[in-house]
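Contents: one structure, followed by commentary.
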Amino acid sequence: MAGELLKVDDLKMHFHTRDGVVKAVDGVSYTLNPGETLGVVGESGSGKSVTALTMMRLIPMPPGKIEGGEVLFKGESMLTMKEEQVRDIRGNRIAMIFQDPMTSLNPVYRIGHQIAEPLITHKGMSKKEAHARAVELLEMVGIPNAASRARDYPHQFSGGMRQRAMIAMALSCDPDVLIADEPTTALDVTIQAQILELMQALQKRTGTAIIMITHDLGVVADIANNILVMYAGRAVEYGSTDQVFYEPSHPYTWGLMDSLPTHDLTEKSTLCPIEGQPPSLLNVPSGCPFNPRCPYVKEECRTTVPELRDLGDGHLSACLFAADPDFKRSAADCAGVTR
Amino acid sequence: MSDLLRVESLTKHFAVQQTALGSRLGGHVMAVDDVSFTVKEGETLGLVGESGCGKSTTGRCIIRLTEPTSGSIFYEDRNIRELRGKDLKAFRRQAQFIFQDPYASLNPRMTIGEIVSEPLVIHQEGTRFEQQARAKELLDVVGLNPEHINRYPHEFSGGQRQRIGIARALALNPKLLICDEPVSALDVSIQAQVLNLLGELQHDFGLTYVFIAHDLSVVQHISDRIAVMYLGKLVEISDWKALYAKPHHPYTQSLLSAVPLPDPKQQRARERIILEGDPPSPIDPPSGCRFHTRCPIAKDICSAEEPKLREVAPGHSAACHFAALNPVPIGIARPAEFTPIVG
């Protein structure tokens, strides 16, 4: 593909709090090409959202502090650029949608007005033009009677419609990248299916690259080309969707897959949960952050911090033993309960 | 196995209050409408549906946390709607509740020892010393360290708090546990731990579960039989295998096909039924079949006549005029023509 659109290299974002340093993001790297979809998965507190917010320069500093790394958007550093330049990119070239559309829409402005706002700011449209475009956009995301619904307030929309309105707003300036932070988590499954289908259809039409942040492996299996798995602020595995699902090469990814109730709805499966709790980010274990919960832990894991290494074909893993052909996921280690 | 619980025509309508601004809304939210099912001793009944379908209200009615509008609930052949005072208290020893939100359902000012032994205090079971010992035992059963008995809820993570809630529910050796979305607030790896714990406890103590959830793969994992609800109505009930392999109701079919499978090849291969629009308001539900406004196969009869829950196979019932006709495997587009069954 024609050059990378977005490149994140060893990004580190730490929060300096009264209790100590919270290493929310501690070494995340990935690249995003035009038109592709990257799924970022991980559990709560793994740093998925903070990575995105850091890129967009939306983290207040202090308490946040970038401790290293680089974010390049079309070859330009997002981290050192002037605030005015960032503002020109944010909402214009890179747009975001969030989990809870009710808290990200302003309750006292009409939907149409809110969608028109970025068009006036970034595209220099007149109010009238912007409003007409807002109605078009609402139609595009499948809101019936768009012209009259544009005059509604957010509370008059259902959850699914609010998320559609958010998508319309995000796509208003025809961005290169759409960052979707758990966009369907608050929605019912039939509505989630509608929104995912809409995002895929719009991506086909506009060629926008999508970063899909989610904890739901089903959602990334559905829409992602590549997947980044995060744990305790670090990237632990990166690869194409098929590589991550069918040849996962990090014990944490194995654990995630085995924790899922089922791949096949007609067969009962065994659950093999990952033992223990995710670590506190105030006090990340030394060596590999996953070592206290890893069933395959060896002595080196407690002392050496594993780097993300290429296993071939662009499949990366941050496990010391990932390249070892004898290092395999073994079903016998599972203490799960078969029902 | 005999029926431990029998719910007959359970109905719960909530009156809608007039608003503060004086506009008169009136009407009723038909949260649960004429729902009947049975739960056998030792089995797990999964109750699924989307938000607002009445699944939680049904669960709360069963142990009378919410008073039903009409209908009967029989527990061991006694109608619990008629229980008062001592009898009701005795029933509540047998039936306990696990709540969804492990942050809101534990009193932050009580130690976990006090929380877990509170049912014993209320039901005057044992001396304080014995209650304390029992609390320690319960913490051990749910996989927490009994030494932590004097800690407060905020010192625990979400998954650990859910274990505390489970320990509290087990304190009086109940037979029936109503679990209202017990794992939906938890991360996948922790969710699997709690699901396994619930499975082990059922095995060890012979518990009966009514498991309420919106996540179909979780429900599939834990349930023996599954009931699907839509807008206050029970639309399909069956043993889990038949429900997933041969769903009869178009709502069940679209619900199943909407679940994104964590398997990219399967996910790409299947065709999905995407439902149009949002679920209607339960204040003024559609006439006839409540699903007809979103149903891909709706015909005239669907808006005119309400379909009864009927048996389509042994132990498998569905409330659809077209239910008995040739169930379609998940995710395959349905054939165009259907004729209704008359009668």
Side-chain angles (χ1 to χ4, degrees), chain A residues 42-46 142 144 158-161 184 187-194 196-198 215-224 240-242 244-246 252 255-278 293 335-339, chain B residues 44 49-53 156-160 186-197 199-200 202-203 214-224 240-241 243-246 251 254-268 272-279 294 330:
Chain A
E43 299 181 276
S44 3
S46 61
S158 70
M161 283 163 69
T184 60
L187 305 175
D188 276 322
V189 38
T190 60
I191 309 296
Q192 163 172 297
Q194 290 174 0
L196 292 180
E197 199 186 61
L198 172 70
H215 67 277
D216 187 335
L217 285 162
V219 169
V220 290
D222 195 2
I223 78 164
S240 73
T241 302
D242 283 4
V244 173
F245 273 94
Y246 300 120
Y252 176 65
L256 270 189
M257 303 273 173
D258 294 340
S259 299
L260 289 176
T262 186
H263 288 233
D264 178 0
L265 292 175
T266 55
E267 205 65 50
K268 283 238 196 267
S269 50
T270 317
L271 298 188
C272 308
I274 304 170
E275 296 297 321
Q277 309 285 335
R293 301 175 79 192
V337 182
T338 320
R339 281 177 48 86
Chain B
T44 301
E50 297 182 279
S51 29
C53 74
F156 295 89
S157 68
Q160 288 172 324
L186 308 175
D187 274 320
V188 267
S189 72
I190 309 299
Q191 172 179 306
Q193 291 175 2
V194 173
L195 285 175
N196 278 353
L197 173 67
E200 281 163 24
Q202 180 168 44
H203 179 260
H214 67 276
D215 185 331
L216 283 139
S217 47
V218 167
V219 169
Q220 182 262 15
H221 177 78
I222 198 145
S223 306
D224 300 305
W240 71 271
K241 213 162 194 168
L243 190 91
Y244 284 89
K246 269 188 177 183
Y251 177 64
S254 36
L255 199 60
L256 287 171
S257 88
V259 180
L261 297 178
D263 185 332
K265 282 180 186 155
Q266 267 188 42
Q267 183 65 22
R268 274 175 232 138
R272 286 183 292 168
I273 311 168
I274 306 269
L275 289 180
E276 300 278 317
D278 295 309
R294 299 173 81 200
I330 301 163

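Here is how names work: the chains are called A, B, and so on, in the same order as the sequence lines, proteins then strands, and each is numbered from 1.
Side-chain atoms of B:Gln193 come within 3.5 Å of backbone N or O of A:Ile274 as a donor-acceptor pair. Using modelled atom types, one side-chain atom of A:Thr241 and one backbone atom of A:Ala224 make a donor-acceptor pair closer than 3.5 Å. Distance alone, capped at 3.5 Å, is enough to place a donor-acceptor pair between the A:Asp216 side chain and the A:Gly218 backbone.
Interface remark: of the candidates B:Val218, B:Asp278, B:Leu195, B:Asp278 forms the most heavy-atom pairs closer than 4.5 Å to chain A. In terms of heavy-atom pairs under 4.5 Å with chain B, the best-connected choice from A:Arg293, A:His215, A:Gln192, A:Gln194 is A:Gln194. In terms of heavy-atom pairs under 4.5 Å with chain A, the best-connected choice from B:Glu276, B:His214, B:His203, B:Arg268 is B:Arg268. Among the candidates A:Leu256, A:Val189, A:Asp222, the residue making the largest number of heavy-atom pairs closer than 4.5 Å to chain B is A:Asp222.
The contact between B:Ser157 and chain A is made entirely by side chain atoms (from C-beta outward), counting heavy-atom distances below 4.5 Å. In this structure, chain A has a heavy atom under 4.5 Å from the side chain of B:Ile274, while its backbone stays farther away.
Partners of B:Arg294 by salt bridge (charged side-chain N to carboxylate O under 4.0 Å, His left out), not counting sequence neighbours, listed by chain and number: B:Glu50.
The local environment of CD in A:Glu197 is sparse, with at most 12 non-hydrogen atoms from other residues, nucleotides or ligands closer than 6.0 Å.
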